[in-house]
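Atoms considered below: every heavy atom in the structure, side chains included; atoms not considered: hydrogens, waters and symmetry mates. Source: prediction; values computed, not measured. Along the sequence shown, residues are numbered consecutively beginning with 1. Whatever order the structure lists ligands and atoms in, that order sets their numbers, starting from 1.
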Amino acid sequence: MNYSYISHLYCPKCLQTYAKEAIHHLCDCGAPLLVEYNLDQLAKDWKPTDLVQRKPDLWRYHELLPVQSEEHVTTMGEGMTPLLPMPALGEDMDLPHLLMKDEGIIPTGAFKARGAAVGVSKAKELGVTSLAMPTNGNAGAAWSLYAARANISSTIVMPVDAPSITRSECALSGANLFLVNGLISDAGKMVGEAVQKHGLYDVSTLKEPYRIEGKKTMGLEIAEQLNWQLPDVILYPTGGGVGLIGIYKALQELQALGWLEGQKLPRLVAVQAEGCAPIVEAWKQGKTESIFWENSRTQAFGINVPKAIGDFLILHAIYETKGCAIAVEEEAILEEQKRVARLEGSFVCPEGAATFLAARKLREENWIKKDEQVVVLNTGAGIKYPDTAEVEVPVLEPGDSLPLDASFVK
Ligand SMILES: *Cc1c(COP(=O)(O)O)cnc(C)c1O
Ligand SMILES: [Zn+2]
């Protein structure tokens, strides 16, 4: 038994292959590379019951991850987040079988930790000492913190508007942090130039092949947590789309291993905000690639990505699973965030709230049927966005009596 069954890298566009031992970024044709495993051999060597005794983190799937030697694993216990029933919110939406995969409790408070854990570990294995990336905040925070743990230096560039807490996370981890008066695409150009000039390891979204392997573990976990019986629909807040591509890849790998016994894959739904919906636009027109979204804006910062380099992979996953792409109204996102907190006691991030809102809308349109099992990804903690929620609270003077009205006594 090997620790990893990684075989090689390949290009999903032109099918060129690359050796696993060397550092690779994009394919010569410009497309992102994906990791291929020896699934035939793994199917013989590995069974679901082998997982039972393992630790509840994403490394329980190490055979299906790219790190070949356990000594390179850099971990903070990420993964195996709860898959929670949402009965009250489900009743409110007329979706009795609503579940939330809650990434809000993962290290760094956002699911970017998954990609960072696997990506940084693999970088360590490949001998990398300095990495660089543009970010909307959460990825930079996760990568710079995991890099610090792996003793790799990091250079991070983020928009000035990115959530300020992520700025602190990067700076405290000792990253070389810069803010740009612009979008993540502007940050990307600056990082690209620095990478050329200074020979840094570029970990921009999908420009290194291993982040997606970390994110795919969300799909592995959902399947395992449902006892290898897939849900009908999975909704995902889509920026770069790495999580959605990853979940699709995970489910295909499980199919190849024979762990899903002829089940249909869940319909995958890409959720975006109306202020930045390139994937939705492409899907509506039946296109296989998206067009750069000008002047994009949304307070769900993690999904403010005007052009995803893996857009063709996102759209492919949607078409293949008979899923869809949907944009939600900006103003309604915070209303939904409030509803989730009131009905279920969970303070989800705006991206997660957008995704619940999408489930609500798709149920109203009857695209999701009442009896279907639906998994919503909450990709991060609401507490990472302290300035997003607006609240009004009375301030009293010492000695005042509380102006309670009777409706507060249950
Ligand atoms: C990055 C991010 C997303 C979008 O993830 P992709 O996989 O790049 O589409 C969604 N939610 C949060 C909280 C994020 O940080
Ligand atoms: Zn190619």
Report yes if some N/O of [X] lies less than 3.5 Å from some N/O of ligand 1; otherwise report no.
X      : answer
Gly240 : yes
Gly239 : yes
Ile303 : no

Query raised in the report: What angle sits at the Zn ion (ligand 2) between SG of Cys27 and SG of Cys11, to 10°?
Result: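 Cys11 SG and Cys27 SG form an angle of 110° at the Zn ion (ligand 2).
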
**Report entry** Angle subtended at the Zn ion (ligand 2) by SG of Cys29 and SG of Cys14, nearest 10°
**Finding:**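 It comes to 120°.
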
Query - Nearest option to atom 15 (O) of ligand 1, as decided by whichever heavy atom of Lys112, Arg211, Glu351, Gln272 sits closest - result: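 Ranked by closest heavy atom to atom 15 (O) of ligand 1, first place is Lys112.
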
Query raised in the report: Is Ala110 near ligand 1, meaning one of its heavy atoms is under 4.0 Å from it?
Result: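 Contact check Ala110 vs ligand 1: negative.
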
Query - Lys384 touching ligand 1 at heavy-atom level, < 4.0 angstrom - result: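 No, Lys384 has no heavy atoms under 4.0 Å from ligand 1.
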
Heavy-atom contacts with [X] under 4.0 Å: which atoms of ligand 1 show up? List them by number with element.
X      : result
Tyr236 : 5 (O), 6 (P), 7 (O), 9 (O)
Thr238 : 9 (O)
Gly241 : 6 (P), 7 (O), 8 (O), 9 (O)
Gly243 : 7 (O)
Tyr385 : 13 (C)

Query - Check against side-chain hydrogen bond (donor to acceptor under 3.5 Å, both in side chains), Glu78 and Trp59 - result: CA-CA 9 Å; Glu78 58 286 334; Trp59 299 99; 2.7 Å; yes

Would the number of heavy atoms belonging to other residues, nucleotides or ligands and lying under 6.0 Å from [atom1] of [X] be above 12?
X      : atom1 : value
Lys47  : NZ    : yes
Ile291 : CD1   : no
Met190 : CE    : no
Arg342 : CZ    : no
Gln53  : CD    : no
Glu261 : CD    : no

Query raised in the report: Between Glu125 and Lys122, does at least one N-O distance fall below 4.0 Å, as a salt bridge requires?
Result: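 A salt bridge links Glu125 with Lys122.
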
Query raised in the report: Does Ala300 have any side-chain contact (heavy atoms from CB on, under 4.5 Å) partners at least two apart in sequence or in another chain, and if so, which?
Result: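 Partners of Ala300 by the side-chain contact (heavy atoms from CB on, under 4.5 Å) criterion, ordered by chain and then number, come out as Thr298, Ile303, Pro350, Glu351.
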
Query - Residue and atom name of the nearest protein heavy atom (relative to atom 4 (C) of ligand 1), distance in Å to one decimal - result: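 It is Gly302 O, 3.4 Å.
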
Query raised in the report: When you measure from atom 10 (C) of ligand 1 to every protein heavy atom, which one gives the shortest distance, and what is it?
Result: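 Of every protein heavy atom, Thr379 OG1, 3.5 Å lies nearest to atom 10 (C) of ligand 1.
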
Requested in this report: Give, for atom CH2 of Trp367 and atom CD1 of Ile326, the distance between the pair rounded to the nearest 0.5 Å.
Outcome: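 Taking CH2 in Trp367 and CD1 in Ile326, the distance rounds to 9.0 Å.
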
Report task. If the plane angle is over 60° it's perpendicular, under 30° parallel, otherwise tilted; pick one for Tyr201 and His25. Result ->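 If you compare the ring of Tyr201 with that of His25, the planes turn out tilted.
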
Query raised in the report: Which bit of Val242 gets closer than 4.0 Å to ligand 1, counting heavy atoms only: side chain, backbone, both or neither?
Result: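 Near ligand 1, Val242 shows its backbone as well as its side chain.
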
Query raised in the report: Just heavy atoms, cut-off under 4.0 Å: does Phe301 contact ligand 1 by side chain, backbone, both, or neither?
Result: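 Under 4.0 Å from ligand 1, Phe301 contributes no heavy atoms.
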
